[in-house]
Engineer: 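Quick one: the structure is below, and I'll ask about it shortly.
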Amino acid sequence: MAYNFTEIEKKWQQYWLSNKSFRALDPADAPDMPKAYVLDMFPYPSGSGLHVGHPEGYTATDIYSRYLRMRGYNVLHPMGWDAFGLPAEQHAIKTGQHPRQNTERNIANFRRQIQMLGLSYDWDREVDTTDPSYFKWTQWIFLQLFNSYFDPIDQQARPISHLLQELMNENLVVAPDGTAVLNPTQEGMEAIAGEMRVERLWRELNPEEQRQIINGQRLAYQDEAPVNWCPALGTVLSNEEVIDGRSEVGGYPVEKRPMRQWMLRITAYADRLLADLEGLDWPESLKEMQRNWIGRSVGAEVDFEIDARPADEGASADVIASADASESADPGASAERGDEAITVFTTRPDTLYGATYMVLAPEHPLVDRITAPDRRDAVAAYRGDVSARSDRERMADNKEKTGVFTGAWAVNPVSEQRVPVYIADYVMMGYGTGVIMAVPAHDQRDYEFAVKFDLPIRPVVKPASGEAPQGRAFVDEGIAINSKVIDGMRTDEAKEHITSVLAAEGVARRTVKYKLRDWLFSRQRYWGEPFPIALDERGEAVAVAESELPVLLPEMVDFKPTGTPEPPLSKASDWLVYRSGEKTLRRETNTMPQWAGSCWYYLRYIDPHNNERFVDPVKERYWMPVDLYVGGVEHAVLHLLYSRFWHKVLFDLGHVSTPEPFQRLINQGLILGQTEFHAFKSSDGRLISADELCDAAEAMIGDEPTMMGTHRGTGEKLTGYRVSGEEVEKQGPRFVLKSAPSIAVDARAFKMSKSRGNVMNPDDIVRDHGADCFRLYEMYMGPLEAQKPWNTRDIVGMQRFLASVWRNLSGEADEESKSPAKQTPDSPIDDSLERMMHRTIKKVGEDIAAMRFNTAIAELIKLNNEMTALVSVPRALTETFVLLLAPFAPHLAEELWQRLGHSNSLARAAWPNFDEQKLSESTMELPVQVNGKLRGRVSVARDADEASILAEAENSPSAVEWLRGKTIVKRLYVPGKLVNFVVK
RNA sequence: GGCCUCCUGGCGGAAUUGGCAGACGCGACGGACUCAAAAUCCGUUGCCCGCAAGGGCAUGAGGGUUCGAUUCCCUCGGAGGCCACCA
């Protein structure tokens, strides 16, 4: 009987489910077992079903989990659904069906597809972020954030109640610039910055002021800030969800617009999120991406005082600026200063002497105050222009610098020269102080602006060696020049020195800034977690009592965006009313973003049915941290940063036991579509010959033609036409048409997409080849982390392997291939075969532990090829082989295991051990090199000493031949590896 | 523009710490079985010269370090990823 995967796979999948074969044990039930928490990034159950990329990571963790179970580990390996999200809501708007229905349908489909792959999940722990018993705790965690503040001294979150207590204490004081609340001790003041001023004692503030200050400290707070508003989606988006000025979902334009929104104070954790990356076993590139996203830069804030004197009568800004400001005496520069200062942030305080003008972000609040009367119109016009342009447009034409003079002047604190103040959109309001000191000689952007507006360029750094470049800024480090206080110093010393000098004068401060912004946490959507918050008549937030969680979504039939920033929930009039004591409040109508549910799901898997707590502390201590987390790199700065942040807050508040959630992390590489071949035509229809190289670019949506390209030589636009792989051959370094070898063909693999029509459906693969084969194929494609193209042609290799294993081990004859039934006698095993078996045990075990599944499978294939040559396979080998195969092809392995006479599943059968003694022969073959080139081999005893090995190698026939007439300068023996003679 | 990763046969890839380059699979070619095909089994398969024995060349290109480099360093070319007027 031939191998019937359909029947076998169904049988064992049912067996595993009904026997709960992969149940993770509670700590009390597994006293002597080591634990392992192996986690997949749970999927969003989309309408299009499983993609072939999902099973890649899932199979990898499955192999790893099955292996660990066989090694005696108590393994937690769960699966669930990240099921809130935009597509379900858009589907609901289109069909009028409640998003829940669509979501449930999609979950059922995903569950079916995942179960057909034979993955060893503990299905009793399945979670669904849209289930009220789940999002009850998402809301609860939000309340923890709402009811906490970040203590800057201890760098950790604490309950708000703690802050109140501290503030009530007689000795504790302070309200500085109106919002910040400070710890009172002297050290505390200094630790924060030293810039804060004590204005009033806490007890002098009225209750309203006190409340505002408290609210301003919460980790979850409301803010009226410019946000990314996407009119097409009818919602605001986080910075992370906006790509090139368009929404990540759908690619719609996004504009800046001030709105009242919920924010999470992730910036408070910037330092810890950065520092704690060190101890994590994550890919270095991914850590680097998080570091870049957090974007810590060390520099200084420097105050430039505004010069209140009016601009010279009748002189236009441009004329003044182009007059040689650096040389012209500025008689009154220090005489008559205004009392207002503009603070800039710079990472290059050593270039301060070269700051010849200043630039404010157009949105900067100071612009109104400083603009000279005769510049008002120009400034207003420019600001109008800027705000009318979307971020997208702003980025598209960022080649050409724009800006206008405000008519205001400031004084460079070191050179004492007057510098003009401009506004320009190349300065961002959101970073630093929203103002820069422009140093055109040493910053390329400032240089371009200075050239365009004819502003002075003053070099203050020279290269340590060589000449400064012409026609552009010298941006590297070097030696300070033309800078009285720091002349001759290296850039690093100069930075230090000038900052201390200015700090002593009180006009500068050492400062650290981050690119990371607070997390915009509200969305104008229906299908998300409602906030456990109600608002009073002033819009101040009041937490819903914990006992009232979960706050359910109101049942609605109309999910359409209102067309205004008012969320759909505002249409649920009954639901809106919330009574707190005597007061009637209005519920918060925003909902949480999709990231909320995925921020903590790994904790819920630990204790998914607990109605009293989000997770039981004993179980949490047992299972955390996650030992292995596998998922796509697309979550590098979104989910992985957000959940680290939430986890740290929960850690600070004592709800979890580890500072980091995911100890080891691996990114599976993208699976691309099958390689495509394209021939190119120029605009006049001429086919591009192989001699003209062309640069293929930008895949086009549509059927014909299928690609766009650019001629590398002429820059001419080209159109590409798909050619079949059969018609293509390689000539030297390039591909050409077989029928017309002068025509160039481009070969490349694209990301799978519906529009390209290169999407593979897991259902089809499993139906035609079986789950074991599909798993094996995806694992055999290459390293897990690597990006690799799909190639349907190669699947047959794994199919042959499995069928051959069946013929070798099932004890069944196969009519079709006329292979007789093989016996599995209890006879002893031949030495060399035994050696190979032990080597395979070792190699496969090591490879699984290191997640190198492609090479592990290659070893199994090799061992199976050996068995194919045998008439009968000794039982010692068959049993071992089935156990080694089990993590990779579990269905076939279970079936063979049963046929070998075992009545239990091999899910927890013991992984075989290898015998160190039996790995190697008593003799070994060593390569013999002469001058590093392989010239022969010699067989020596494994335990021979170096001298006798060298002697034997030197006397071997091939060595004698190559050494004849030469002088041996050096004899090298690399133990167990090779012998090398260096000769003259 | 900045940062990061990668480049090995016709294709996917292997080479664990600087030590036999091309494991294993696909494809291709030849053979066995078959009336024939499929399936299966057995060979060959980096390129060049050679009947062969054998030799030469070869890990994107060029250089360096080393007895020895796919591996380390430098320059250049190409592909991919992330961020992006981030001061």
Engineer: Excluding sequence neighbours, so at least two apart, what forms salt bridge (charged side-chain N to carboxylate O under 4.0 Å, His left out) with K977(A)?
Structural biologist: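 Testing K977(A) for salt bridge (charged side-chain N to carboxylate O under 4.0 Å, His left out), a comparison that skips the adjacent residues, returns none.
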
Engineer: Does S297(A) place a side-chain N or O at less than 4.0 Å from the phosphate oxygens OP1/OP2 of A87(B)?
Structural biologist: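 S297(A) to A87(B) OP1/OP2: side-chain N or O found under 4.0 Å.
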
Engineer: May I ask you to establish whether K401(A) and Y426(A) are in a cation-pi arrangement, using a distance under 6.0 Å from NZ or CZ to the six-membered ring centre and at most 45° from the ring axis?
Structural biologist: yes

Engineer: Indicate, yes or no, whether a donor-acceptor pair under 3.5 Å links the base of C3(B) to the side chain of R291(A).
Structural biologist: no

Engineer: If the condition is salt bridge (charged side-chain N to carboxylate O under 4.0 Å, His left out), which residues does R348(A) pass it with, not counting sequence neighbours?
Structural biologist: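 With sequence neighbours excluded, R348(A) shows a salt bridge (charged side-chain N to carboxylate O under 4.0 Å, His left out) to D350(A), given in chain and number order.
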
Engineer: It should be established whether N854(A) places a side-chain nitrogen or oxygen under 4.0 Å from OP1 or OP2 of nucleotide A14(B).
Structural biologist: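 N854(A) to A14(B) OP1/OP2: side-chain N or O found under 4.0 Å.
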
Engineer: Residues two or more places apart in sequence or in another chain: which of them pass side chain to side chain donor-acceptor pair (under 3.5 Å) with K515(A)?
Structural biologist: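 With sequence neighbours excluded, K515(A) shows a side chain to side chain donor-acceptor pair (under 3.5 Å) to no residue whatsoever.
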
Engineer: Rounding to the closest angstrom, what is the interatomic distance between G19(B) and G12(B) at atom C1'?
Structural biologist: 27 Å

Engineer: For RNA chain B, whose closest nucleotide is more 5', that of N791(A) or that of K970(A)?
Structural biologist: N791(A)

Engineer: Please state whether the phosphate of G12(B), meaning OP1 or OP2, lies under 4.0 angstrom from any side-chain nitrogen or oxygen of R793(A).
Structural biologist: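 No, outside the criterion.
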
Engineer: Taking atom C1' in both C57(B) and A21(B), what distance in whole Å separates the two?
Structural biologist: 13 Å

Engineer: Can a side chain N or O of N865(A) be found less than 4.0 Å away from OP1 or OP2 on G25(B)?
Structural biologist: yes

Engineer: Starting at atom CG of L672(A), determine the distance to atom P of A79(B), rounded to an integer number of angstrom.
Structural biologist: 15 Å

Engineer: Does R971(A) reach a base, just sugar-phosphate, or nothing at all? Heavy atoms under 4.0 Å.
Structural biologist: nothing

Engineer: Report yes if a donor N or O on one partner sits less than 3.5 Å from an acceptor N or O on the other, where the partners are the side chain of K977(A) and the base of U17(B); otherwise report no.
Structural biologist: no

Engineer: Identify the stems formed by RNA chain B, where each pair is Watson-Crick or G-U wobble with both distances under 3.5 angstrom and a stem is at least 3 consecutive pairs.
Structural biologist: B:1-7 with B:77-83, B:10-12 with B:24-26, B:27-32 with B:40-45, B:46-49 with B:54-57, B:60-64 with B:72-76

Engineer: Between C85(B) and K401(A), counting only base atoms on the nucleotide and side-chain atoms on the residue, is there a donor-acceptor pair under 3.5 Å?
Structural biologist: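 Answer is yes: a donor-acceptor pair is held.
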
Engineer: Just verifying a value: how many Å separate L972(A) CG and E946(A) CD, rounded to the nearest 0.5 Å?
Structural biologist: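 Result: 8.5 Å between the selected atoms.
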
Engineer: Pull out every residue in residues 856-864 of chain A that has a heavy atom closer than 4.0 Å to any atom of RNA chain B, ordered by number, or say none.
Structural biologist: A858(A), I861(A), K862(A)

Engineer: Under 4.0 Å: is that the gap between some side-chain N or O of W962(A) and OP1 or OP2 of G54(B)?
Structural biologist: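 For G54(B), neither OP1 nor OP2 has a side-chain N or O of W962(A) closer than 4.0 Å.
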
Engineer: When you measure from the side chain of K788(A), which nucleotide among G56(B), G13(B), A87(B) comes out closest?
Structural biologist: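 From the listed options, G13(B) comes nearest.
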
Engineer: Not counting sequence neighbours, which residues clear salt bridge (charged side-chain N to carboxylate O under 4.0 Å, His left out) with R510(A)? List them please.
Structural biologist: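 Only E496(A) meet the salt bridge (charged side-chain N to carboxylate O under 4.0 Å, His left out) criterion with R510(A).
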
Engineer: For T855(A) and T346(A), find the nucleotide of RNA chain B closest to each by heavy atoms; which residue's nucleotide sits nearer the 5' end?
Structural biologist: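 Checking each residue's closest nucleotide, the 5'-ward one belongs to T855(A).
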
Engineer: For H769(A), give me all partners under side chain to side chain donor-acceptor pair (under 3.5 Å), at least two apart in sequence or on another chain.
Structural biologist: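 Result, side chain to side chain donor-acceptor pair (under 3.5 Å) vs H769(A): Q799(A).
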
Engineer: C3(B) and C86(B): how far apart are their C1' atoms, nearest whole angstrom?
Structural biologist: 14 Å

Engineer: Just call it for K843(A): base, sugar-phosphate, or nothing, with non-hydrogen atoms closer than 4.0 Å on any strand.
Structural biologist: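 It contacts base atoms.
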
Engineer: So which nucleotide from A21(B), G56(B), C11(B) ends up closest to the side chain of L934(A)?
Structural biologist: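 Selected nucleotide (nearest to the side chain): A21(B).
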
Engineer: Is the Y780(A) to F853(A) ring centre distance short of 6.0 Å?
Structural biologist: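 Ring centroids of Y780(A) and F853(A) are no less than 6.0 Å from each other.
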
Engineer: What integer distance in Å separates L516(A):CG from A84(B):P?
Structural biologist: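 So the CG-P distance, L516(A) to A84(B), works out to 12 Å.
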
Engineer: So, using side chain to side chain donor-acceptor pair (under 3.5 Å) as the criterion, who are the partners of R472(A) when residues are at least two apart?
Structural biologist: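 So R472(A) forms no side chain to side chain donor-acceptor pair (under 3.5 Å) with any residue.
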
Engineer: Hydrogens and angles aside, do Y382(A) and T402(A) bring a side-chain donor and acceptor to less than 3.5 Å of each other?
Structural biologist: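 Looking only at side-chain atoms, T402(A) and Y382(A) do form a donor-acceptor pair, the distance falling under 3.5 Å.
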
Engineer: Using atom names, set out every protein N or O paired with an N or O of nucleotides 68-70 of chain B below 3.5 Å, distance rounded to 0.1 Å.
Structural biologist:
none

Engineer: I'd like the C1' distance from A61(B) over to G77(B), given in whole Å.
Structural biologist: 7 Å

Engineer: Atom NZ of K933(A) to atom C1' of G56(B): distance rounded to whole Å?
Structural biologist: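 In whole Å, G56(B) C1' lies 8 Å from K933(A) NZ.
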
Engineer: Let's see if you can work this out: which of A87(B), C85(B), A21(B) has an atom nearest to the side-chain heavy atoms of F345(A)?
Structural biologist: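 Shortest atom-to-atom distance from the side chain points to A87(B).
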
Engineer: Suppose you measure atom C1' in G60(B) against the same atom in U71(B); what distance do you get, rounded to whole Å?
Structural biologist: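 It works out to 16 Å between them.
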
Engineer: Just checking P283(A): base, sugar-phosphate only, or nothing, at a heavy-atom cut-off of under 4.0 Å?
Structural biologist: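 Counting heavy atoms under 4.0 Å across all strands, no contact is made by P283(A).
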
Engineer: List the residues meeting side chain to side chain donor-acceptor pair (under 3.5 Å) with H635(A), not counting sequence neighbours, and say none if there are none.
Structural biologist: none

Engineer: Please state whether the phosphate of G80(B), meaning OP1 or OP2, lies under 4.0 angstrom from any side-chain nitrogen or oxygen of R748(A).
Structural biologist: yes

Engineer: What about W806(A) and F801(A), are their ring centers closer than 6.0 Å?
Structural biologist: no

Engineer: Return the value, rounded to whole Å, for the distance between atom CE of M924(A) and atom C1' of G19(B).
Structural biologist: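 The distance from CE of M924(A) to C1' of G19(B) comes to 14 Å, rounded to the nearest Å.
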
Engineer: Pick the C1' atom in U59(B) and in U8(B), then give their distance to the nearest Å.
Structural biologist: 4 Å

Engineer: Can you identify which nucleotide, out of A14(B), G10(B), C67(B), has its nearest atom closest to the K730(A) side chain?
Structural biologist: G10(B)

Engineer: Which whole-number value in Å describes the distance from F853(A) CZ to A14(B) P?
Structural biologist: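 So the CZ-P distance, F853(A) to A14(B), works out to 14 Å.
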
Engineer: Would you tell me if any nitrogen or oxygen in the side chain of Y780(A) comes within less than 4.0 Å of OP1 or OP2 on G25(B)?
Structural biologist: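 Result: no.
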
Engineer: Measure the distance from CE on M779(A) to C1' on A14(B) and round it to the nearest whole Å.
Structural biologist: 17 Å

Engineer: Go through G10(B), G25(B), C42(B) for me and flag the one nearest to the T868(A) side chain.
Structural biologist: C42(B)

Engineer: Looking at every strand, decide which applies to V796(A) at a 4.0 Å heavy-atom threshold: base, sugar-phosphate, or nothing.
Structural biologist: sugar-phosphate

Engineer: Assess the pair Y514(A) and Y431(A): is the distance between their ring centroids shorter than 6.0 Å?
Structural biologist: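 Y514(A) vs Y431(A): aromatic centres not under 6.0 Å.
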
Engineer: Using the test salt bridge (charged side-chain N to carboxylate O under 4.0 Å, His left out), find all partners of E846(A) that sit at least two apart in sequence or belong to another chain.
Structural biologist: K842(A)

Engineer: Rounded to whole angstroms, how far apart are CZ on R445(A) and C1' on C86(B)?
Structural biologist: 7 Å

Engineer: What integer distance in Å separates K842(A):NZ from U16(B):P?
Structural biologist: 13 Å

Engineer: Which donor-acceptor pairs under 3.5 Å do the side chains of residues 928-938 of chain A make with protein atoms, sequence neighbours left out?
Structural biologist:
residue	atom	partner	partner atom	Å
N931(A)	OD1	V983(A)	N	2.9

Engineer: Do the side chain of Y514(A) and the base of C86(B) come within less than 3.5 angstrom through a donor-acceptor pair of N or O atoms?
Structural biologist: no

Engineer: What's the closest nucleotide to the side chain of D794(A) if the choices are C85(B), A87(B), G12(B)?
Structural biologist: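 Looking only at side-chain atoms, D794(A) lies closest to G12(B).
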
Engineer: For G9(B), is chi within 90° of 0 (syn) or not (anti)?
Structural biologist: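 Because its glycosidic torsion lies within 90° of 0, G9(B) adopts the syn conformation.
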
